[in-house]
Each structure stands twice: as C-alpha cells, then as structure tokens.
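Any value given below was found using the heavy atoms of this structure, including those in side chains, with hydrogens, waters and symmetry copies removed.
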Amino acid sequence: NIQDLQWLIRQFEFQDMSRLPTIDVRSRLALAGAWSRYVPEVNAIYFAEDFVRETPKRELLTTVLQEIINAVRQLER
C-alpha cells in the first residue's frame, strides 16, 4: 500500500529509528507455523527460515516493510 510506504518514509525523514523493531530468523516451528511474527514484548520481528530462503527477494522485501510498518504502528497505540 503506497500510503504505508509514504508513512514509513516520513519516519526515516524524521530520523527516528529508535522505534524500529529488530529483525531475526527462527524456525517455522518456533513461530508456531507462521511465516513471520511480531513480538511486541521485545519489539522484534521474526521470519521463518524457510520463508526467507524460498521467497523471491521482491516479495520478501515487501513482507519485511509491511511487518516493520505494522510493528511501529502498534508501538504508537
């Protein structure tokens, strides 16, 4: 969604990177079968290893950006 991307760009323009979540890779088993999961308690996004390995780069980047947007928005609540 272009509005989400514009919102994320504004966050970078203000140089407030402190709220960006960390990103790490875990097994799909650790993520209870999910491709990705945001864990607000530690402000981290986890991606399943096989998802990262098998997903085309463009789709993976889109998913990473969407997860970051969702995570930062949750922190704003």
Side-chain angles (χ1 to χ4, degrees):
N1 174 319
I2 191 69
Q3 292 168 332
D4 287 339
L5 184 55
Q6 289 169 336
W7 177 86
L8 185 60
I9 290 168
R10 283 193 304 277
Q11 298 302 305
F12 285 115
E13 288 174 344
F14 293 122
Q15 299 180 5
D16 183 8
M17 307 299 173
S18 64
R19 299 183 310 176
L20 292 179
T22 59
I23 297 175
D24 205 352
V25 177
R26 298 282 192 260
S27 71
R28 189 176 297 264
L29 180 63
L31 300 179
W35 285 347
S36 61
R37 181 173 307 266
Y38 173 64
V39 180
E41 295 82 10
V42 293
N43 193 28
I45 299 169
Y46 299 108
F47 288 92
E49 293 168 331
D50 59 328
F51 178 70
V52 172
R53 191 173 45 250
E54 298 167 8
T55 302
K57 188 183 290 187
R58 185 179 185 113
E59 184 180 337
L60 183 59
L61 179 57
T62 299
T63 304
V64 168
L65 288 174
Q66 192 59 52
E67 287 287 353
I68 290 171
I69 289 166
N70 293 338
V72 173
R73 284 200 168 143
Q74 277 190 347
L75 291 173
E76 290 183 334
R77 294 181 188 165

Study note, to complete from the structure: Interatomic distance, CD@Q74 vs CD1@I69, rounded to 0.5 Å, equals 13.0 Å
**Study point:** Common cluster, L31/F51, ILVMFWY with side-chain heavy-atom separation under 4.5 Å
**Key:** no
**Study point:** Shared hydrophobic cluster for Y46 and I23 (ILVMFWY, side-chain gaps under 4.5 Å)
**Key:** no
Check your understanding: Looking only at heavy atoms, which two atoms of P21 and A71 are closest? And how far apart?
Key -> CG-CB, 3.7 Å
Exercise for review: Could you pull out the closest heavy-atom pair between V25 and A48, with the gap in Å?
Suggested key: CG1-C, 4.3 Å
Point to revise | Same apolar cluster: F47 and V39, side chain cutoff 4.5 Å | key: no
Review point. With a 4.5 Å limit on heavy-atom distance, are the side chains of N43 and Y38 in contact?
Key: yes
Point to revise | Modelled atom types, side-chain donor and acceptor of Q66 and N70, under 3.5 Å | key: yes
Check your understanding: Which atoms form the tightest heavy-atom contact between E49 and S27, and what is the distance?
Key -> OE1-CA, 3.9 Å
Check your understanding: Hey, does the side chain of R28 reach the backbone of G33 with a donor-acceptor pair shorter than 3.5 angstrom?
Key -> yes
**Study point:** Transitive ILVMFWY side-chain link W35 to I68, under 4.5 Å
**Key:** yes
Review point. About how many Å separate OG1 of T55 and CG of D50, when rounded to the nearest 0.5 Å?
Key: 8.0 Å
